[in-house]
Amino acid sequence: MTLFCHRRSVPGWLCLCTWLLWAQPAEAQSGALWTQQLDSQVAVTAVSADGQRVALGTRNNQVRVYDAAGSELWTFDAENSITGLAWSADGSQLAIASEDRKVYMRGGDKGAARWEFKTSRTVNDVALARDGSLVALTTDDQHVFVLDAAGRLLWKKDKGLGVEAVDIYGSGVDARVVIGSDDGHVSIFARSGDSLLATRLDFDVKAVAVSRSGSRILAGTSDGSITLLNGANGSVIWTVEGDSDIVDVAMAADAAFMLAASDMGAIYFLDGTGSITQRLQLDSPAQSVSVSADGSVLVWGDAAGQGSFVDRVRQAQGVARQSRQRNMVIASSAGLLALMLAGATLLIVFTDRGKHAWQRRSTVPRRNLASIWRARHSYILILPTLIFLLTFNYYPAFSGLYHAFTDWNPAGHSPWVGLKNFEFLMQDRFFLASFRNALILVVVSIVKTMTMPLLVAELIFNLRNRYAQYWARTLFVVPIVLPAVVEILVWNNIYDPSIGLLNEALKLLGLEEWTRVWYGDPNVALGAIVFIGVPWVNAFALLIFYGGLISISDEVLDASRVDGANVLRRFWSVDLPLVMGQVKLLLILNFINAVQTFELVFLTTAGGPGDATYVPALELYYMAMRMDRMGVASAIGMILFVIILAGTVVNMRFVRSATDFEA
């Protein structure tokens, strides 16, 4: 938007209209009373029944508790990401679930510790009864645990499949546990552990919420459906189809108002009849939603690290005001544009100056359009290729370069952060260490390519029998049909510390003290990777060199023989200078491949031990796929682009081939 409006060719009125239409602040769109920007995605949220306490749980292991005005009351640090939060009705107790396999109970104004309960696997979600008398949690090992107010285990059940969603209604001895599982079942259990009800939906249940009386159960499923069930008999009351997977649901105590969040950033506002009264699109994928007992206070968190506290009345007023403003601007812009077009048309038709300006300025465009029209069939034929190139080659490349300067979220808002991603990388020891290893791999790769393939190509070229040449060439080239992954996996078996061929051979030779965990020893891990593929006769490089040798004219070879040159002399004085074009090509190809090395390290050591075999492309993969830091990954890609570009320029400038000398 800023770049668009700074262009001189864009009228100021158009920039103003565009800003009014699209640059409304998030608060104006959502009616948020306040927002909190945290340094990690807000994975879970919880609001007390009276709306006076809000808890935000993040992926960086932290829980932050605020009052209704947005003032921070206390914080808590777990040992891993926060996966579940649940308040008691009066806001005096907060149950916290974490990937560190624990459930923590905190309470009071400062979040004092009450008790902890540890499981054998990651805790997926937690629920707390209104009076704090019952706690329910689900774990990664397909179990459901129910605890009393002191954190003592009352019972647990093995569901036999994934179970993530849990909620509780009622209090005391009448408390009931509601569970949603990956087989589509929504089940209700008594405090004693007895099964009271089970009903089944068509898809995995990812989130559940229950009304205060238990008469209504809201379920979100993996197909994007939002379903309201009758808590008495499990029958479906209504189902609403969303546009993507539902990640969380919340419901007011009387089931008159409901919220649902999708993994594409949409938040649905529903009434008791299942009508979507509003659909709010966030800039970043929603992670969690919560609602107070009376439905007046809403809280949600997103993947960009923002937690929002929303008043429904103010939110509705903000949306209405924004809609009126947009309608007014659209009408004004359309009218102004129509007047400008009409004025320009009148000037061109009724004034000599307008006609002259039109003819003068339109001559070149009309000539070009006429030329394109004459060659229209040719353009139509190349159009599909051009579209595919732009879509799958150029767009991803330029998108990555641009997003290197943003906090990139492919599914939502990507704010401009300037050089922050690069500053982060300069302080990342793994990234810095990766360049040391990359430099070693570049040098070794170039040496391997410039030696063995060239020597083997020279050997084949000097064979006098053409059948021997054919079969030797074929035998060296046949392995190229095997995927590189196969070769790497074979070498993994060779290096296996228990049954690997290398250690077994050393034992047979009486060199048992030389055996080791080849990938696990930081002193030899990188060397083990470099040694893969010995004797390093790359079939592609062999063919390139062989093609260069057979292109040498017979007259040059005959002249070298007449001058008395032996094989070694001819190699240095004739063959090598005349294959410098091939050397130049393979130098840059190997440089690019070595800088971008990924699969070799990923399939062997995954960068370990420590940073002994870490490479930049591996850091790029981890940042993007495991840490969800797409902007930092793009920055790594840009750094690799600059390095490869510099290497290419140096190669083109200083490595001279025979053709360059002739020119």
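The figures here come from the full heavy-atom set of this structure, side chains too, leaving out hydrogens, waters and symmetry mates.
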Begin from the C-alpha positions of I96 and I82 and carry the test side-chain contact (heavy atoms from CB on, under 4.5 Å) through to its verdict.
CA-CA 7 Å; I96 303 169; I82 307 302; 4.1 Å; yes
Would you say the side chain of [Y] lies within less than 4.5 Å of the side chain of [X], judging by non-hydrogen atoms?
X    : Y    : result
W74  : R64  : no
I217 : L228 : no
W155 : D194 : no
R191 : L134 : yes
Q62  : S40  : no
L259 : L270 : no
Q93  : M105 : yes
M623 : D428 : yes

Any side-chain donor paired with an acceptor under 3.5 Å for D254 and S211?
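Result is no, nothing qualifies.
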Donor-acceptor side-chain pairing of Q287 and D302 below 3.5 angstrom:
no
At their closest point, which heavy atom of [X] faces which heavy atom of [Y], and how far apart are they?
X    : Y    : result
I246 : A260 : CG2-CB, 4.5 Å
A129 : G170 : CB-O, 4.0 Å
V249 : A209 : CG2-N, 3.8 Å
T239 : S225 : CG2-CB, 4.0 Å
G51  : V47  : CA-CG2, 3.8 Å
Q306 : S308 : NE2-OG, 3.8 Å

Euclidean distance, [Y] [atom2] relative to [X] [atom1], rounded to 0.5 Å:
X    : Y    : atom1 : atom2 : result
D248 : W300 : CG    : CH2   : 13.0 Å
S181 : I179 : OG    : CD1   : 8.0 Å
W87  : S292 : CH2   : OG    : 14.0 Å
R216 : L229 : CZ    : CG    : 10.0 Å
L85  : S290 : CG    : OG    : 8.0 Å
L137 : L147 : CG    : CG    : 5.5 Å

F430-Y622 aromatic ring centre distance below 6.0 Å
no
Quick check: Y104 with W115 (ring centres under 6.0 Å apart)?
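Between Y104 and W115, which both carry aromatic rings, the centre distance is not below 6.0 Å.
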Counting only N and O atoms by type, is there a donor-acceptor contact under 3.5 Å from the side chain of [X] to the main-chain atoms of [Y]?
X    : Y    : value
D271 : F257 : no
T119 : R121 : yes
T406 : H403 : yes
S288 : T45  : yes
S133 : G172 : yes
T221 : D204 : no
T391 : I387 : yes
R176 : D174 : yes
S71  : D67  : no
S275 : T277 : no

Around atom NZ of K157, are there more than 12 heavy atoms from other residues, nucleotides or ligands closer than 6.0 Å?
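Correct, the count exceeds 12.
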Might you confirm whether atom CG of D109 has over 12 heavy atoms from other residues, nucleotides or ligands at distances under 6.0 Å?
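Atom CG in D109 is not crowded, with 12 or fewer foreign heavy atoms closer than 6.0 Å.
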What residue among T35, V297, V299, L298 forms side-chain contact (heavy atoms from CB on, under 4.5 Å) with V310?
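Exactly one option meets the side-chain contact (heavy atoms from CB on, under 4.5 Å) with V310, and it is L298.
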Partner of N124 under side-chain contact (heavy atoms from CB on, under 4.5 Å), picked from E164, Q142, E99, is E164
Applying the salt bridge (Lys or Arg N to Asp or Glu O under 4.0 Å) test to E79, which of K102, R101, K118 qualifies?
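The option that passes is K102.
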Please identify which of these residues, D223, D245, D182, D125, meets the salt bridge (Lys or Arg N to Asp or Glu O under 4.0 Å) condition with K206.
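Testing K206 for a salt bridge (Lys or Arg N to Asp or Glu O under 4.0 Å) against D223, D245, D182, D125 leaves exactly one candidate, D182.
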Steps toward side-chain contact (heavy atoms from CB on, under 4.5 Å) verdict (Y394, S399):
CA-CA 8 Å; Y394 291 100; S399 172; over 6 Å; no
Mark yes or no: R629 above the aromatic ring of F424, with NZ or CZ under 6.0 Å from the six-membered ring centre and no more than 45 degrees from the axis.
yes
Checking side-chain contact (heavy atoms from CB on, under 4.5 Å) for the pair Q36/L56: CA distance, chi angles, key distance, verdict?
CA-CA 9 Å; Q36 294 290 341; L56 306 178; 4.3 Å; yes
Specify whether F388 and F392 have parallel, tilted or perpendicular ring planes, treating 30° as the upper limit for parallel and 60° as the lower limit for perpendicular.
parallel
Can you tell me how the ring of F422 sits relative to the ring of F405, calling it parallel under 30°, perpendicular over 60° and tilted otherwise?
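Tilted.
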ring-ring contact (aromatic ring centres under 6.0 Å, His included) for Y66 and W34? Distances and angles first, verdict last.
CA-CA 11 Å; Y66 305 90; W34 52 263; 5.5 Å; yes
Only counting residues at least two apart or in another chain, list the ones meeting side-chain hydrogen bond (donor to acceptor under 3.5 Å, both in side chains) with N230.
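Listed in chain order: nothing, the list is empty.
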side-chain contact (heavy atoms from CB on, under 4.5 Å) evaluation trace for S187 with K159
CA-CA 11 Å; S187 309; K159 295 292 292 181; 3.7 Å; yes
